[in-house]
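Take a look at the structure below.
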Amino acid sequence: MANGFYLTLMAGLGVAVPVGQQVTDALTSAQVTVTSGAETQSGFQLTFNLSKNSPLETLFLLAGASVPPVIRVILVITVNGTPEVLIDGVVTKTQTKPGSGGGPNTLVVTGLDLTAAMDWIDFDGVPYPAMPPEARVALILAKYAAFGVIPMVIPSVLIDVPIPTEYIPKHQGTDLQYVTQLANDVGYVFYMKPGPVPGASIAYWGPQIKVGVPQKALNIDMGPHTNVESLTFDFNAEKAELPILLIHEPKSKAPIPIPVPAITPLNPPLGLVPPIP
């Protein structure tokens with residue numbers, strides 16, 4: 001059982017540093033949302049009591065007028081002396097709420113992980129001659145080294161190197177849009193994982209891995225062993241699909257169907273009996 005935990009808030013212009021005692025005392029709640037896959041982004045929401053002449057007015061309210069947002073926020077929790085980074089991101093929205101009944105004003109700060117920094121500028125048309133998707137992703141992520149982003153790019157199973165005389169790939173959309181598109185094209189995922197130390201994040205581009213060290217059981221309504229407030233499962237057997245590729249054999253001119261199962265060593269079934277596609 002944990003002897004105690006400590007929450008550390010770091011913020012700053014581009015580079016996050018520990019905030020002062022006055023800002024820490026004004027923090028009333030902190031919510032971090034962590035997502036899996038590449039469909040959504042992880043984010044955070046901080047709520048502060050806003051008093052007169054508070055440094056919060058300078059630190060966070062100006063972030064709403066910055067284009068692009070440059071206020072960086074890092075939340076670190078320390079349990080039994082072991083620090084763990086909960087979120088490393090940038091502020092995307094600030095909102096003030098006047099107090100009612102003599103209560104203090106509140107400041108709500110909302111932000112996303114560092115993938116938000118990859119969604120600011122459109123780089124349409126940048127050429128990548130003779131570069132497979134993994135090389136393009138590594139080159140794109142290299143420009144975010146100033147944010148402490150560490151690329152972790154896993155080469156795809158079938159590396160396709162385009163011949164410059166036939167085809168030169170070009171950037172489409174923002175960095176986040178293009179990297180996500182390249183991941184979807186080869187069946188990969190892309191996401192940003194904060195840590196392992198404050199100020200660093202791992203940008204993972206590779207297959208979605210569902211294997212690893214077994215985690216503790218999730219317990220509901222079990223007294224002191226309860227560690228989950230609510231838990232919901234949804235099983236829809238009608239959405240199970242099995243893609244089938246047709247390969248054209250040049251000599252016999254016959255199409256050969258090849259099924260592509262969703263179950264692989266890195267993607268095991270989530271239940272004992274998988275649905276029939």
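Residues V108 and L46 form no side-chain contact, since every pair of their non-hydrogen atoms from C-beta on lies 4.5 Å or further apart. In this structure, S42 and I87 have side chains that are in contact, with non-hydrogen atoms separated by less than 4.5 Å.
When atom types are taken as modelled, the side chain of H248 and the backbone of P250 share no donor-acceptor pair closer than 3.5 angstrom. A distance-only check finds a donor-acceptor pair linking the side chain of T28 to the backbone of T47 [under 3.5 Å]. Using modelled atom types, no side-chain atom of E166 and backbone atom of P164 make a donor-acceptor pair closer than 3.5 Å. With hydrogens and angles ignored, the 3.5 Å screen pairs no side-chain donor or acceptor of N219 with any backbone N or O of N227.
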R72 and D88: CA distance, side-chain angles, deciding distance, salt bridge (charged side-chain N to carboxylate O under 4.0 Å, His left out) verdict: CA-CA 7 Å; R72 187 173 177 183; D88 185 351; 2.8 Å; yes
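Using modelled atom types and a 3.5 Å distance limit, the side chains of D113 and T115 yield a donor-acceptor pair.
Ring-plane geometry between H171 and Y128 is classed as tilted, the angle between the planes lying from 30 to 60 degrees on a 0 to 90 degree scale.
Taking CD1 of I121 as the reference point, atom OG1 of T174 lies at 10.0 Å (rounded to 0.5 Å).
No more than 12 heavy atoms of other residues, nucleotides or ligands shown are found within 6.0 angstrom of CD1 on I276. Shown here is L218, whose CG atom has more than 12 heavy atoms of other residues, nucleotides or ligands within 6.0 Å.
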